[in-house]
There are 2 protein chains.
Amino acid sequence: MLQPPIPITHHECAGAMRSVRDALDFLGGKWKLPIIIALSGGPKRFKQLQREVTGITAKMLSKELKELELNSLLTRHVETQAAPVAVTYTLADYGEHLYPVIEALRIWGQLHRTHIMHPAAEAGAA
Amino acid sequence: MLQPPIPITHHECAGAMRSVRDALDFLGGKWKLPIIIALSGGPKRFKQLQREVTGITAKMLSKELKELELNSLLTRHVETQAAPVAVTYTLADYGEHLYPVIEALRIWGQLHRTHIMHPAAEAGAA
DNA sequence: CGGGATCCGATTCGATACTG
DNA sequence: CAGTATCGAATCGGATCCCG
């Protein structure tokens, strides 16, 4: 059903491992991908993000947004200087390269959930 | 270039987030995907895996293999009972459902590496 | 060879309180 | 509103030693 997309040779296999580990080092935390998903629905404000990304604290959200901006995945825009300040976060074009990753993880997460609940059911769920 | 695969409605967006977080909770560590990649080249022994998954300690490898077996991603087979024992790990059919995830992460990891080194080069690297 | 046991540092993450 | 500061718990992961 699924062909192995991973090269068989030791050398190329090590290359795949390095790329996957690079990706995981950056995306591995609990929050980065959920934040990207929330922003995929359009630009959002800080408070709005905190509501949609269930369970995140202001501290973590702030930290993750900084890292995502540093890596060009989103842009930060300050709307007004006077209090109350308004800041908008927008998913950058470059950030959309994560959609395939999110899709693959979403599909597998769904499959695995059904697999855990009633084993041998993934044939019909895939 | 890339259509947003994530639903726009709040409700379905939350569903995508939950699935991605489920997947990340399980795959998020440093080692599970690299182990799967190594096993994608065929069944391997414990020591052999430790050599191919660069940097992993015996403790971590043992722990991760146990979790992967519990989740039906691989099977463990004891070849000989007499010392020295020989144990073989084989990627299960169900484990191959992770190939799309690995592919997506590998592609993005590669892209992001080039992006970090010389920005604005991802148009040609994709 | 294939691990388990123990100890330990490093990092992640959350709760709470506070600021411009 | 949009964060920052501080504290502390929990988890992650490595080093080392040990066993069948």
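The figures that follow rest on heavy atoms only: side chains count, while hydrogens, waters and symmetry mates do not. Order of the sequence lines fixes the chain letters, A, B, ..., with proteins taken first and strands second; residue numbering starts at 1 for each chain.
Between A:Lys59 and A:Val85, the residue whose closest nucleotide on DNA chain C is further toward the 5' end is A:Lys59.
Closest to the B:Ala58 side chain, of the nucleotides D:dG13, C:dG3, C:dA15, is C:dG3.
Residue B:Met60 contributes atom CE, which lies 19 Å from atom P of C:dC8 at whole-angstrom precision. The separation between B:Leu65 atom CG and C:dG4 atom C1' is 14 Å, rounded to whole Å. Whole-Å rounding puts the A:Glu67 CD to C:dT11 P distance at 13 Å. Nucleotide C:dG3 holds its P atom 10 Å from the CD atom of B:Glu69, rounded to whole Å. Atom CD in A:Glu79 sits about 16 Å away from atom C1' in D:dG3, given to the nearest Å. Taking atom NZ of A:Lys30 as the reference point, atom P of D:dA10 lies 14 Å away to the nearest angstrom. For B:Arg76 and C:dC1, the CZ to P distance is 16 Å, given to the nearest whole Å. A:Leu61 has its CG atom 13 Å from the C1' atom of D:dT4, to the nearest Å.
For the pairing with A:Ile36, the side-chain contact (heavy atoms from CB on, under 4.5 Å) check across A:Ile102, A:Leu27, A:Val101 returns one residue only, A:Ile102.
Side-chain N/O atoms of B:Ser19 and A:Gln110 include no donor and acceptor closer than 3.5 Å.
At the phosphate of D:dC1, neither OP1 nor OP2 sits under 4.0 Å from any side-chain N or O atom of A:Tyr89. Using a 4.0 Å cut-off, some side-chain N or O of B:Ser62 falls inside it from OP1 or OP2 of C:dG4. At least one side-chain nitrogen or oxygen of B:Lys66 sits closer than 4.0 Å to the OP1 or OP2 atom of C:dG4.
Side-chain atoms of B:Leu39 and B:Leu49, non-hydrogen and from C-beta on, do get closer than 4.5 Å to each other. In this structure, the side chains of A:Asn71 and B:His112 come closer than 4.5 Å at one or more pairs of heavy atoms.
Listed by residue number, B:Arg45, B:Phe46, B:Lys47 are the residues of residues 42-56 of chain B with a heavy-atom contact under 4.0 Å to DNA chain C.
Between its two ends, the helix from C:dC1-D:dG20 to C:dG20-D:dC1 turns its axis by 40°, counting five pairs per end and rounding to 10 degrees.
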With side chain to side chain contact (heavy atoms under 4.5 Å, CB included) as the test, would you mind laying out the steps for A:Leu61 and A:Trp31 before giving the verdict?
-> CA-CA 8 Å; A:Leu61 181 55; A:Trp31 303 117; over 6 Å; no

Going through the checks in order, is the salt bridge (charged side-chain N to carboxylate O under 4.0 Å, His left out) test met by A:Lys66 and A:Glu69?
-> CA-CA 5 Å; A:Lys66 240 174 260 175; A:Glu69 193 195 1; over 6 Å; no

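Within 4.0 Å of B:Lys63, counting heavy atoms only, lies no atom of the nucleic acid at all.
Taking NZ of B:Lys32 as the reference point, atom CE of B:Met60 lies at 7.5 Å (rounded to 0.5 Å). With rounding to the nearest 0.5 Å, the separation of CD in B:Glu64 from CD in B:Glu67 is 5.5 Å.
Using cut-offs of 30° and 60° on the angle between ring planes, the pair B:Tyr89 and B:Phe46 is tilted.
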